[in-house]
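Step one of this worksheet: look at the structure below.
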Amino acid sequence: MNDPNGPLFYKGVYHLFYQWNPYAAVWGNITWGHAVSTDLIHWKYVKELALVPDRWYDIKGVWSGSATIVNGEPILLYTGWTNSSTQVQNKAVPKNSSDPLLREWIKVDAENPFAVPPPGINTSDFRDPTTAWIGQDGLWRTAVGSKYRANDTGIILQYRSKDFAKWELLDESLHAVNGTGMWECPDFFPVAVHGQQGSENYLGEENAIQKFVIKVSLDETRFDTYVVGDYDPASEKFLPSFEALDIGTALRYDYGIYYASKSFYDPHKKRRVLLGWINEADKPTSDIRKGWASVQAIPRVVWLDENQHSLRQWPVPEINSLRKHPIRHTDLLLKQGEVFKVNGSQGSQLDIEVTFQIPKAHANDENDEFNFESSRVEGIPNNTLIYCNGSFPEAEQIIGPFGVHVLASEDLRERTSVFFKFLKFKGSWKTMVCNDLTSSSLASDATKGVYGGLVSLSSYKNRQALTMRILVDHSIVETFAQGGRTCITARSYPLLGSDNNAHMFVFNNGSLPVKATHLAVWKMDKIRYTTV
Ligand code: DQQ
């Protein structure tokens with residue numbers, strides 16, 4: 001599987017469609033698979049495939065798209081790859097909209113395709129229509145990811161319709177940035193300025209209390225990158241809050257492997273939920289051997305941080321229903337070089353929460369200013385290997401790393417390490433959260449990446465604490481640092497430290513003592529997947 005498609009809540013059921021090859025564990029023959037859930041955690045596969053390539057306008061693949069509730073009933077918009085290898089936009093409706101499971105879908109042949117690549121755009125650069133919204137004029141809008149040939153401009157094209165049947169291209173794009181290449185899987189949604197409640201109001205009268213987010217999946221880097229800004233529904237233009245943080249240099253949802261994500265407004269719990277695709281990090285030959293490849297990340301609630309410039313993400317609280325009795329430790333003092341084994345945490349399905357007290361030398365340093373406009377431009381995230389893994393000769397001082405080893409063999413020859421590290425660089429401190437997989441597996445064919453992102457300290461009331469939550473599910477390690485302000489998802493394939501032989505440690509490899517003030521580890525219940 002790859003991209004999540006068309007998430008929606010309908011008649012008490014969450015629906016998730018996804019890009020799927022029914023015939024092999026490699027990309028190809030792309031259809032829409034379909035799964036349903038009542039809690040976003042326990043999913044059932046729907047026996048019927050939702051959309052398969054069977055029309056001239058999608059015979060080479062039913063690619064990504066979205067769902068919108070229109071007059072109370074869901075409609076799917078998706079990209080078809082035609083018999084002449086052109087990307088076009090299509091529509092499908094439920095065969096029986098009173099079926100809460102929405103098992104069968106009908107392509108609307110009379111209306112398809114409703115959009116073809118406009119001038120200036122290659123036939124292979126026009127895809128992934130967004131969930132539609134209603135503009136000030138009461139007409140529908142949808143947006144399509146694209147690349148304008150001139151200047152390699154990543155662009156989101158806007159379409160308008162009064163009946164959801166005929167769509168016209170608007171002159172104004174929703175957003176565009178030169179030199180950023182193809183923008184896949186665009187997402188565009190409002191976020192409340194205060195609080196965590198989601199919204200689907202695009203009309204503008206609430207502009208004082210909400211901002212807007214544009215997310216695109218950058219084909220060239222494979223990053224899901226987002227920008228927060230204001231949207232003027234009259235001119236239909238989006239204005240980033242910081243020009244220096246526009247697509248290309250923007251923040252990322254996740255600094256690991258997380259792509260083609262898609263959010264939806266969950267009317268049941270009044271929140272915005274984010275789904276994302278986690279690719280494999282091993283070789284395609286291994287995927288073929290095991291017979292499957294790729295997973296969807298645990299759904300995340302997403303909302304605007306108090307700083308109003310960046311987002312926070314947190315696993316949906318429903319995941320907590322899988323937690324079994326916790327192992328807890330308080331005030332664990334870790335000396336330099338100390339590695340503490342967390343007894344009783346053996347297993348490869350864990351939920352871990354840990355709070356570290358910031359080492360004294362750092363906590364009182366007034367230069368710890370995370371500057372949104374400059375820190376990304378200085379390029380720390382682009383060089384995570386050096387900053388997370390190795391020595392960094394330009395650093396004036398380094399504190400840490402300290403953190404957690406998961407999926408570790410008892411002798412620590414295999415370990416997946418999630419940690420914090422402080423670097424003093426050009427007179428100011430930067431805080432990194434990293435996931436270093438260099439020693440994660442004795443297998444020679446697994447990719448052992450090093451991932452990292454900057455952590456903001458200055459925006460917290462409690463500047464003394466660093467927190468991380470880690471969800472481990474066999475090969476998947478999802479990290480949420482500082483309450484979901486920086487996230488990293490990675491894949492780890494240990495040979496020894498797996499299943500019941502997976503151990504967990506807290507460590508301090510830095511030169512100052514560190515205290516883990518709180519540690520809680522839950523083993524997580526297994527989920528049995530069924531079909532319906
Ligand atoms: N995957 C789909 C495309 C999309 C890409 C094809 C992103 O629609 O642009 O499987 O991973």
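Remember, it's 1-based here, ligands and their atoms both numbered in the order they're listed. Hydrogens, waters and symmetry mates play no part in the numbers below; they use all other heavy atoms, side chains included.
If you check the side chains of Asp109 and Tyr57, you find a donor sitting under 3.5 Å from an acceptor. Residues Asp163 and Ser161 bring a donor and an acceptor atom of their side chains to less than 3.5 Å of each other.
Ring planes of Trp183 and His175: tilted class, angle from 30 to 60°.
Here the heavy atom of the protein found nearest to atom 6 (C) of ligand 1 is Gln19 OE1, 3.1 Å.
Close contacts of ligand 1 with Ser64, meaning ligand atoms under 4.0 Å from a residue heavy atom, involve 2 (C), 8 (O). Atom numbering of ligand 1 starts at 1 in the shown order; those under 4.0 Å from a heavy atom of Trp277 are 11 (O).
Taking the ring axis of Tyr258 as reference, the NZ or CZ atom of Arg300 stays within 45° of it and closer than 6.0 Å to the ring centre.
Residue contacts with ligand 1: Tyr259 is placed with no nitrogen or oxygen under 3.5 Å of a nitrogen or oxygen of the ligand (distance criterion only).
Of the listed options Asp3, Asp125, Asp128, Asp128 places a heavy atom closest to atom 9 (O) of ligand 1.
Contacts with ligand 1 closer than 4.0 Å are made by side-chain heavy atoms of Asn2 only, the backbone lying farther away.
For the atom pair CG (Leu157) and CD (Glu172), the distance works out to 11.5 Å, reported to the nearest 0.5 Å.
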